[in-house]
Amino acid sequence: MSQPEQKTLDEVATLRAELDDANYRYYVLDEPRMTDADYDRRLRRLQEIEAEYPDLVTPDSPTQRVGAPPDAGFPEVQHAVPMLSLDNALNEDEITAFVKRVADRLEIDGETIAFCCEPKLDGAAVSLVYEQGVLVSGATRGDGRTGEGITSNLRTLRSIPLKLRGKALPDLLEVRGEVIMSHEGFEALNAKAREEDGKVFANPRNAAAGSLRQLDPRITASRPLEFSAYQAARFEPDPGDATHSELMARLGDLGLRTSAALEVVTGSQGLIDYCRRLGERRDRLGYDIDGVVIKVDDLRLQRELGFVARAPRWAIAFKFPAQEETTTLNDVEFQVGRTGAITPVARLEPVTVAGVTVSNASLHNADEIARLGVMIGDTVTIRRAGDVIPQVVRVETSLRPADAREIVFPERCPVCDSEVERLEGEVVARCSGGLYCGAQRKEALKHFASRRALDIDGLGEKLIEALVERDWVKTPADLFRLDAERLASLPRMAQKSSDNLVAALDKAKQTTLARFVFALGIREVGEATAANLARHFGTLDALMGAEVADLEAVEDVGPVVAAHVHTFFRQPHNRDTIDELRALGLAWKEEEIGERPQPLAGQTWVLTGTLESMTRDEGKERLQALGAKVAGSVSKKTAGVVAGPGAGSKLAKAEQMGVPVLDEEGFLERLEAWESGRETEQ
DNA sequence: CCGCCTCGAGGTCA
DNA sequence: CTCGAGGCGG
């Protein structure tokens, strides 16, 4: 192969610069200079040259946005800095309350505080990592700590630069933002889909999120997705900006798009004004938003405010009032849950609320029905509470038809005809049938097989229904007596599926005590309580033999839970099922009884600044597991302070008071030593 | 609660 | 091609 001439090298450099610049102008500055045709022509020319001289191809070339198709699933990605959620403010009073909280904590006048505001885009949150200015990884939010690596899909977005612009590039930049689809893009995509196969997306948010989860990046590339940055999670070396808004401007300089509607305002009135103005413009923005993100602008103040459990104290999301629609209540169905709780569910004439079709809504209980005063046939107003769960807000009584029927709460279980009882002082009514009731049995089995319980692969809702309806399975123990041959006679269950299920059941037999206890479905015993019980008693026999007082000694177990557990294990049919399960081969390693050594018992520790290898919450948990208390402020009694980068006043105070300070490296070293029991005190 | 994607498997039809 | 299970995300 011939070597490229200097002329060719120059042309490649020029084309790349022009293409990058066109993207930047189009997506970041919103001032397109180049027509699409010109862009495509240059891109094709670059592709030709790169095809001729493959050595010239670099990963950040504009031709390299669409990478190799299908690889096996998306890898897990740990977020170095967790992606937190924000507290909500649902009205102007709650904005005022937020300002007051911030002001009180900082001991300054709230009306002087500067806040950075921007629209809260309704899309999918992602995190991008740039090393030496080059995009190296991109991931979804996931649960905030761990997301999915969707780098090859994110690379196809032209508003995501493959390399950052400018001379002074950070060594490391982790930027958070939202991937959205504009109304225009969404309409165009659906118009095309309608022509081709008739399958259309329900709303821009789902279209954006769905597009990101494609295994084939070529499909993602064909979707009109846009990225807009809202936060720098890591920026090294520290750019030295004083405010969040300056930092956002810097991201813009680096070639990242940020919100055009970003504004810095002062005090609660400034915030309320901004929210009102944006609310008025909402319909004309061209993309979906569900509110306003408000952040304390001064980064020093942000550090001082710090975090509570899952959210920063220095930010809040103002949510616009939920969209409401009216529809008719066609019927009410009473569903029976795992514990026998009877839930009235409104069957509604399907109606689109905020982009999704709603046809069911829980009415919760008899009190709620009475409160609403709702009848079958009524016109009702529906809203999606917290943007997710449909809710009947009120009845349009004036529209009530003459033939509206009263909703009669059943006195007998709609599934098994057992008596329905409602205990004194409780709002929920329950079917008294226990596992005699088919509905409860199905729910109990579903729970037993669920992922966090015994995790029986392939045993889903429909299959459980079929098994219960045929009376093949009455208790969890019956599951393990199923044989492949009989299963294969079920609809949609042939040889392969049956064998798989039998294998999955066999695999599920080896479990842990905590999972097993959780799987039993004892009232009020969730995953966490089950783990506590397992750890405390160590063996199932010890747990089964425990008296109420013994149970109450377990962490987070009070009289109510203790009574439920005690009663459960006193029931002969429960004991029989457990015996059968054990006879059928269910087994687990007996847990270590009691606590691990607690070398830090009685000590108080303080964490400040950011840690790289873990979140502050994780650090806290690990310290607590060692017996330490973790406090928010430094005092004379503080045994030690762990200071990550960005530590402020707490570090200064510790130094002043002569409290020992560990950096992250030192902290990790000690943690490992303590946890392994090599060291018993600090 | 709803929508979306992926996968494995079953059923249908040529 | 369709269905069910499983997972993700808001």
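Just so we're on the same page: letters track the sequence lines, and every chain starts at 1.
- Residue-level contact check: A:Ser211 touches neither bases nor backbone, having no heavy atom under 4.0 Å from any strand.
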Under 3.5 Å, which donor-acceptor pairs do the side chains of residues 500-510 of chain A form with other protein atoms, sequence neighbours left out?
{"from": "A:Asp506", "atom 1": "OD1", "to": "A:Lys509", "atom 2": "NZ", "distance (Å)": "3.4"}
{"from": "A:Lys509", "atom 1": "NZ", "to": "A:Leu584", "atom 2": "O", "distance (Å)": "3.2"}

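- In this structure, A:Ala202 and A:Ala361 both approach DNA chain B, and ranking their closest nucleotides by distance from the 5' end singles out A:Ala361.
- Taking atom CG on A:Leu189 and atom P on B:dC4, their separation rounds to 11 Å, with Å as the unit.
- Residue A:Thr140 has no polar side-chain atom (N or O) positioned under 4.0 Å from OP1 or OP2 of C:dC8.
- When the side-chain hydrogen bond (donor to acceptor under 3.5 Å, both in side chains) test is applied to A:Asp455, no partner is found at least two apart in sequence or on another chain.
- A:Arg223 pairs by the salt bridge (Lys or Arg N to Asp or Glu O under 4.0 Å) definition with nothing, not counting sequence neighbours.
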N/O-N/O pairs, protein side and nucleotides 10-14 of chain B side, under 3.5 Å:
{"from": "B:dG10", "atom 1": "OP1", "to": "A:Ala494", "atom 2": "N", "distance (Å)": "3.3"}
{"from": "B:dG10", "atom 1": "OP1", "to": "A:Ser497", "atom 2": "N", "distance (Å)": "3.3"}
{"from": "B:dG10", "atom 1": "OP1", "to": "A:Ser497", "atom 2": "OG", "distance (Å)": "3.3"}

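- Atom CD1 in A:Ile180 sits about 14 Å away from atom P in C:dG10, given to the nearest Å.
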For this session: Please report the C-alpha distance between A:Lys319 and A:Glu94 in whole Å, then the side-chain angles of each, then the deciding distance to 0.1 Å, and finally whether the salt bridge (charged side-chain N to carboxylate O under 4.0 Å, His left out) criterion is met.
Result: CA-CA 10 Å; A:Lys319 294 281 185 88; A:Glu94 291 183 15; over 6 Å; no
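- Against DNA chain B, the stretch residues 447-465 of chain A makes no heavy-atom approach under 4.0 Å.
- For A:Asn206, no side-chain nitrogen or oxygen approaches OP1 or OP2 of B:dC2 to under 4.0 Å.
- Listed by chain and residue number, A:Phe409 satisfy the ring-ring contact (aromatic ring centres under 6.0 Å, His included) test with A:Phe334 (two or more places apart in sequence, or in another chain).
- Atom-to-atom, CG of A:Asp216 to P of B:dC5 comes out at 13 Å; the value is rounded to the nearest Å.
- Residues satisfying the salt bridge (Lys or Arg N to Asp or Glu O under 4.0 Å) criterion with A:Arg492, sequence neighbours excluded, are absent altogether.
- Between the side chains of A:Thr156 and A:Arg65, no donor-acceptor pair is found at a separation under 3.5 Å.
- Ranking B:dC7, B:dC1, B:dC5 by closeness to the A:Arg213 side chain, first place goes to B:dC5.
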Exercise. How does DNA chain B look in dot-bracket notation if pairs are Watson-Crick or G-U with both distances under 3.5 Å, crossing ones as [ ], other-strand ones as |?
Worked result: ||||||||||....
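- Among the nucleotides B:dC5, C:dG9, B:dA9, the one closest to the side chain of A:Arg205 is C:dG9.
- Residues A:Ser152 and A:Pro217 approach most closely at O-CB, 3.7 Å, considering heavy atoms.
- Between the CZ atom of A:Phe320 and the C1' atom of C:dG10 there is a distance of 17 Å, rounded to whole Å.
- Applying the ring-ring contact (aromatic ring centres under 6.0 Å, His included) rule to A:Phe516 yields the partners A:Trp588; only residues at least two apart in sequence or on another chain are considered.
- Partners of A:Arg282 under the salt bridge (Lys or Arg N to Asp or Glu O under 4.0 Å) rule, at least two apart in sequence or in another chain, do not exist in this structure.
- Shown here are the ring-ring contact (aromatic ring centres under 6.0 Å, His included) partners of A:His447, two or more places apart in sequence or in another chain: A:Phe518.
- The CZ atom of A:Arg223 sits 11 Å away from the P atom of B:dC4 (whole-angstrom rounding).
- Within the structure, every side-chain polar atom (N or O) of A:Gln214 is placed at least 4.0 Å from both OP1 and OP2 of B:dC4.
- Within the nucleic acid shown, A:Asn203 has no heavy atom closer than 4.0 Å to any nucleic acid atom.
- Toward the 5′ end of DNA chain B lies the nearest nucleotide of A:Ser359, the other residue of the pair A:Gly210 and A:Ser359 mapping further downstream.
- At a threshold of 4.0 angstrom between heavy atoms, the contacts of A:Gly355 with the nucleic acid are absent.
- Closest heavy-atom contact between A:Leu135 and A:Tyr130: N-CD2, 3.2 Å.
- Regarding A:Leu215, its CG atom lies at a distance of 16 Å from the P atom of C:dG7, rounded to whole Å.
- Among the atoms of the strands shown, none is found under 4.0 Å from any heavy atom of A:Ala207.
- A straight line from CZ of A:Arg347 to P of B:dC1 spans 10 Å, rounded to a whole angstrom.
- Counting to the nearest Å, the P atom of C:dC8 and the CE atom of A:Met83 are 16 Å from each other.
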Sequence neighbours excluded and cut-off under 3.5 Å, please list the side-chain donor-acceptor pairs for residues 177-185 of chain A, or say none.
{"from": "A:Glu178", "atom 1": "OE2", "to": "A:Gly123", "atom 2": "N", "distance (Å)": "3.0"}
{"from": "A:Glu178", "atom 1": "OE2", "to": "A:Ala124", "atom 2": "N", "distance (Å)": "3.4"}
{"from": "A:Ser182", "atom 1": "OG", "to": "A:Gly185", "atom 2": "N", "distance (Å)": "3.0"}
{"from": "A:His183", "atom 1": "NE2", "to": "A:Asp288", "atom 2": "OD1", "distance (Å)": "2.6"}

